[in-house]
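Comments concern the structure below.
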Amino acid sequence: MAKKQPIPPAATAVADHEDGTADGLDLGLDTFERRPDTAVLAGILVDDALTAEQRRMLTSPDGVALVVKIPSIDWSDAVADALRGVTSFSDMLLRSGASRTTDKPDQGNDRVSGRLARGLRVCGISVAPEQYLPSALVAGADVRLDLAPPTPGQVARAIRDVTGEDPGPVSGVHGLGFYDYVAAIRRGSTATACVDRLRAAAASRSVADPTLSEAPLLQDMPGLEGEARDWSLALAHDFQEYVQGRLPFEALDRCAVFAGEAGVGKTLLVRSIARTLGVPLIATSVASWFGSTPGFLGDVVRECDRVFSAAAAAAPAVLYLDEADGLPRRDRLDRRNADFWKPIIGNILLKLDSVTSGVSSRLIVIAATNFAEDLDPALIRPGRLTRVITIRKPSSDGIRGILRHHLGADDLPGADLTGVATLGAGATGAEVAGWVKAARRQARVAARPMEHADLIAQVAPPDDRTREELLACARHEIGHALAVSVLSVGEVVSVTTVRSGDTAGLTRTRLPHRSTMTRAQVDAYVVSILCGRAADEMFGDATTGAGGPAQSDLGMATATLVAAHASLGLGASLLHRAPDAQAVELLRWDADLRRSVDADLRRLYEVAQRLVEVHRSDIDVLAHRLVEARVIGGVEIRAHLTGAAASAPRLAKGGRRG
């Protein structure tokens, strides 16, 4: 490498940050002889970017307008030094967006256009030329350079130029800022030491998630449902098509916003996507841009640039923008805050444009927010983040999957978690994970393995009813569940004695979606409703628990039979007298209808009593089990009742719906 010479005094007069007036200065010095050590790597980027024709234009005596887009703000001075090694400039404008008054497209146009008109050279350097440089310079640019972060090969050349040694292949140095390179590549050091320092710096500055291997794969992701599931699996499928060379990367539907309240699993899903795809996860947030910097405008923009550059260097990768609502909507900003926020928002919009729309981009970009309505509309337009996918609280099936995931293979192996999941409906994934953690701690304190009751205790509050009251409630609910199973009315999901509002206990049943029902099927449904009261009477006395509101056992049984007679054509008359939901109002004044419905109720109640009597021991055993467990799943009930259907009493046949 040629020995470097001091920069001649005339060179220092070249305009820097718009404060010089050295018109037409042309030093004509060798590129590397003029560059200070800090500009070596920048010089390599510039030399590689310039074509022979562009170099001829820059070194000709004619005026020229040069616009340079740099990877991040910290490259500004070094790129300027490198360009001064190529030719001289009348004006060199370095704009980062830090100045609220001068870093605007409408500032400096008179000066730029005047100098270009006189045949002088003008250079503009910025991370976002269209946003910060004079519009006349951008529009009239004769040469445009878009400098990307250095490749491993370019880093190796810089090390060789500075140390005189060949470092060999350089790897693992992604995500570094300009000054990280300068601090690591030292004159008088060995090439190996330079590489070691770069790798250490990359490790310390890495924003990739180091625990990604702990995330579940998408196919094992607990509680993944709805649009979020469909989009994620489609992305995984299409990414494999890209890997196999059957689909271009730009064809992937790869940009979205995950919206939902805290705890629904937005971050876990993003980690699962990255692991399933087998790519790094680069996570950032608006809060981190402030927390890791002094918080000034230039610092925040620089940190944002660094993360995006690191993601681009690690591509293909998933870039995760958490807390996206930390960027305020520009239409809600007052004038004072707009001066600060608009450059930041504009910068990230430009970054999104480059990583989501550029044909060379290999990034999957996912943002997350708890408040989708607070996002700037420009963030989610097509070509940027494209769509908002709402992640909702998991269903009962989703909760069951989340429970099993967090319990693992060691806690409650083989346990039917349907009842607990049903009991916990409405919880977030984070809350479900908290139940398991608390239940495990309770068992650990008691120095024993976890029990089903430990989990129930976290989901349901303590019950102050006596054991006899709980047993009566359990027999009532098991009476319902037994009839549903034995008469094939539907499928029992779970049975619980846990209070919920005014409900002392609950049997959750999944009924078949029939478009038509026979009278026999209607009667079987009513018998399953009446079996709760029949169980009350079998083991003691009938209580008020079967009646009261319209949604009580007797209320639903009565409404069903009224509809059969007055609306569904399954009684003595085919006359349609009212919609099924309103038919019960006819009972108030139609004595004949009251007598018919009452006769049906008595007949079907006798069937319920016989059914309960036949299965008295089954009901009692399951009721005691329910008192202990507080909730049991339909799988356990069906297992206990295997073969019970053969002993069920026959129901009188009814008419067929036309």
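For this chain, numbers begin at 1 and follow the sequence in order.
- With hydrogens and angles disregarded, a donor-acceptor distance shorter than 3.5 Å links the side chain of Lys266 to the backbone of Gly260.
- Heavy atoms only, all atoms of each residue included: Ile619 and Gly479 are closest at CD1-CA, 4.4 Å.
- Using a 3.5 Å distance cut-off with no hydrogens or angles, the side chains of Glu250 and Tyr242 do not pair a donor with an acceptor.
- In this view, Val459 and Val420, Leu423, Trp435 satisfy the side chain to side chain contact (heavy atoms under 4.5 Å, CB included) rule, not counting sequence neighbours.
- In this structure, Arg275 contributes its side chain and Ala215 its backbone to a donor-acceptor pair below 3.5 Å.
- Remark: side-chain polar atoms of Thr276 are paired, donor with acceptor, to backbone N or O of Leu218 under 3.5 angstrom.
- The nearest pair of heavy atoms linking Ile456 to Ala629 is CG1-O, 3.5 Å.
- Asp325 and Thr369 form a side-chain donor-acceptor contact under 3.5 Å, judged by distance and modelled atom types alone.
- Checked by atom type, the side-chain pair Gln442/Asp454 shows a donor-acceptor distance below 3.5 Å.
- Side chain of Glu431 to main chain of Thr428: a donor-acceptor pair is present (N/O by atom type, distance under 3.5 Å, no hydrogens or angles).
- Pro328 has its side chain out of reach of Asp374: every pair of non-hydrogen atoms, C-beta onward, lies at least 4.5 Å apart.
- No donor-acceptor contact under 3.5 angstrom links the side chains of Ser285 and Tyr320, judged on distance only.
- Contact record, Val627 with Arg467: CG1-NH1, 3.4 Å, taken as the closest heavy-atom pair.
- When atom types are taken as modelled, the side chain of His624 and the backbone of Asp620 share a donor-acceptor pair closer than 3.5 angstrom.
- Side-chain N/O atoms of Ser395 and Glu225 include a donor and acceptor closer than 3.5 Å.
- The aromatic rings of His480 and His476 lie perpendicular to each other, with more than 60° between the two planes, well past the 30° mark.
- Counting heavy atoms from C-beta outward, Glu613 and Met538 have side chains that approach closer than 4.5 Å.
- Between the side chains of Asp600 and His565, at least one donor N or O sits under 3.5 Å from an acceptor N or O.
- Between Ile637 and Ala481, the shortest heavy-atom distance links the atoms CD1-CB, 4.0 Å.
- For the pair Arg254 and Phe239, the cation-pi test (distance below 6.0 Å, angle within 45°) is failed.
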